[in-house]
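Just below is one structure, and these are the notes that go with it.
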Amino acid sequence: MDLQTVTVGVVQATPALFDREKSIDIVIDWLGRAKRAGCQLVLFPESFIPCYPRGLRFDAVVGRRTDRGREQWLDYWANSLDVPSPSVDRLSNAIRDAGLFVGLGVTEREPIGGTLHCSLLYFGPDGTLLGKHRKLKPTGLERYIWGESDGSTLVSYQTSLGRIGGLICWENYMPLARTALYQKGVEIYLAPTADARDAWQASMQHIALEGRCFVLASNQFVRKSDYPERYQADLADEPDIMSRGGSVILSPLGDVLAGPLWDQEGLLTAELDFSLLAKSKLDFDCVGHYARPDVFQLTVVNQPDTQIYPT
């Protein structure tokens, strides 16, 4: 293990809700800020492009759909991201200029059929799209707007910064999904989310301690006034601040390295000291001396081998 020090950043920001290209402009601006802050890797929140449609119902009623709900769906669908596409090319060019590893939460549009997926895109510092993870199980009403995924996108990457992987929002409550990443030796664990509850912090600390990995958790900061005027009537009963954030960076021993950040936009940064990864394994290694493979074994269907970057 290379006991290096890596500087990372977590973006807590507000996208241009329901506007793909303006949201990409915002991503590009934060990439510049992260570069100036000396970051080598930066994480953006869940579905930052075009937004996490918190508070909207799409007129969901069991056994019935409405024309109005379909119009809202069309708005969201039309601003979601095709992968690949000219919009992804814009992102790749900006990431290459910034020279950063990037984890970016998006709503991705399937090119055949049109199903939407909540996805985490991974980019190398040369702008290469390394791959993507699609959320295995959308939560609650998310199942109405996003499709499910499978083990083929439980990806991990061996890079010059260490071994990187992650899960999206409440996937992080799935013990076997976490273990699938731990078995790949993930050292920098990315957790883009839409969960702004105080209780989320305990889950992130638990993952850091359980996986003996650095954890980067990123959430949006969103106010009701950030939504387009056409949605204001639907949000009449929502609070003025609809997502407080709570982005945070944690060490393999569960210590907070930066954050949590509440009620504002911002860039959290931290230096990850890889000697802590080794030290943390003294008394616990969930896939090593604590694993008990004579009792427990996990088989993950179609999970790909760790990708080495650069090849």
Side-chain angles (χ1 to χ4, degrees), residues 10-27 30 43-81 104-108 116-119 135 137-147 168-173 191-204 217-248 259-266 268:
V10 166
V11 171
Q12 180 165 296
T14 310
L17 283 80
F18 292 87
D19 191 320
R20 179 184 59 244
E21 297 307 315
K22 288 184 179 178
S23 292
I24 291 173
D25 291 341
I26 292 170
V27 169
W30 283 99
L43 174 65
F44 287 82
E46 177 180 13
S47 191
F48 197 75
I49 301 172
C51 67
Y52 182 85
R54 181 188 307 274
L56 298 178
R57 298 173 178 82
F58 295 89
D59 281 356
V61 178
V62 175
R64 185 176 73 251
R65 268 65 61 194
T66 69
D67 290 342
R68 182 173 174 275
R70 293 186 191 278
E71 285 296 327
Q72 290 183 338
W73 158 259
L74 177 61
D75 192 13
Y76 195 55
W77 184 89
N79 282 285
S80 295
L81 193 66
L104 174 62
V106 305
T107 291
E108 176 197 358
L116 299 182
H117 291 274
C118 181
S119 299
K135 186 184 277 194
K137 188 72 174 181
T139 301
L141 197 60
E142 291 176 0
R143 297 174 197 172
Y144 189 52
I145 60 172
W146 290 331
I168 304 167
C169 204
W170 279 22
E171 286 185 310
N172 290 286
Y173 288 151
T193 189
D195 193 329
R197 300 171 303 155
D198 292 337
W200 185 248
Q201 302 301 315
S203 295
M204 296 299 96
S218 180
N219 197 0
Q220 300 180 22
F221 170 64
V222 178
R223 298 155 296 194
K224 182 162 58 177
S225 59
D226 294 316
Y227 280 75
E229 179 60 34
R230 61 187 176 275
Y231 291 114
Q232 290 301 315
D234 296 271
L235 303 173
D237 296 331
E238 294 290 332
D240 291 338
I241 295 179
M242 295 181 60
S243 177
R244 296 184 58 212
S247 300
V248 68
L261 181 64
W262 299 107
D263 299 321
Q264 60 182 303
E265 294 186 298
L268 297 178

### Qualifying residues under salt bridge (Lys or Arg N to Asp or Glu O under 4.0 Å), relative to R143, sequence neighbours excluded
none

### Task
Using the test side chain to side chain contact (heavy atoms under 4.5 Å, CB included), find all partners of T66 that sit at least two apart in sequence or belong to another chain.
D59, R68

### Query
Do D75 and Y231 get their side chains close enough for a donor-acceptor pair, meaning under 3.5 Å?
yes

### Query
Sub-3.5 Å donor-acceptor pair from the side chain of Q12 to the main-chain atoms of L261, do we have one?
yes

### Task
Could you pull out all residues at least two apart from F221 that satisfy ring pair (Phe, Tyr, Trp, His ring centres under 6.0 Å)?
none

### K22, NZ: over 12 other non-hydrogen atoms inside 6.0 angstrom
no

### Task
With sequence neighbours excluded, tell me which residues meet side chain to side chain contact (heavy atoms under 4.5 Å, CB included) with E21.
D19, I24, S87, R90

### Test item: L17 and P228 side chains (from C-beta on) under 4.5 Å apart, heavy atoms
yes

#### Entry: Partner set under ring pair (Phe, Tyr, Trp, His ring centres under 6.0 Å) for W30, not counting sequence neighbours
none

#### Entry: Residues in side chain to side chain contact (heavy atoms under 4.5 Å, CB included) contact with S243, at least two apart in sequence or another chain
R54, A196, N219, V222

### Query
Who are the side chain to side chain donor-acceptor pair (under 3.5 Å) partners of W146, not counting sequence neighbours?
T107

### Query
What residues form a ring pair (Phe, Tyr, Trp, His ring centres under 6.0 Å) with Y144, not counting sequence neighbours?
none

### Query
So which pairs with a foot in residues 235-244 pass salt bridge (Lys or Arg N to Asp or Glu O under 4.0 Å), sequence neighbours left out?
D198-R244, R244-D263

### Message
So, using salt bridge (Lys or Arg N to Asp or Glu O under 4.0 Å) as the criterion, who are the partners of D67 when residues are at least two apart?
### Response
none

### Task
Using the test side chain to side chain contact (heavy atoms under 4.5 Å, CB included), find all partners of D195 that sit at least two apart in sequence or belong to another chain.
C169, W170, Y173, T193, R197, W200

### Query
Is the shortest side-chain N to carboxylate O distance from R223 to D226 below 4.0 Å?
yes

### Residues that Y76 engages under ring pair (Phe, Tyr, Trp, His ring centres under 6.0 Å), provided they are two or more places apart
F18

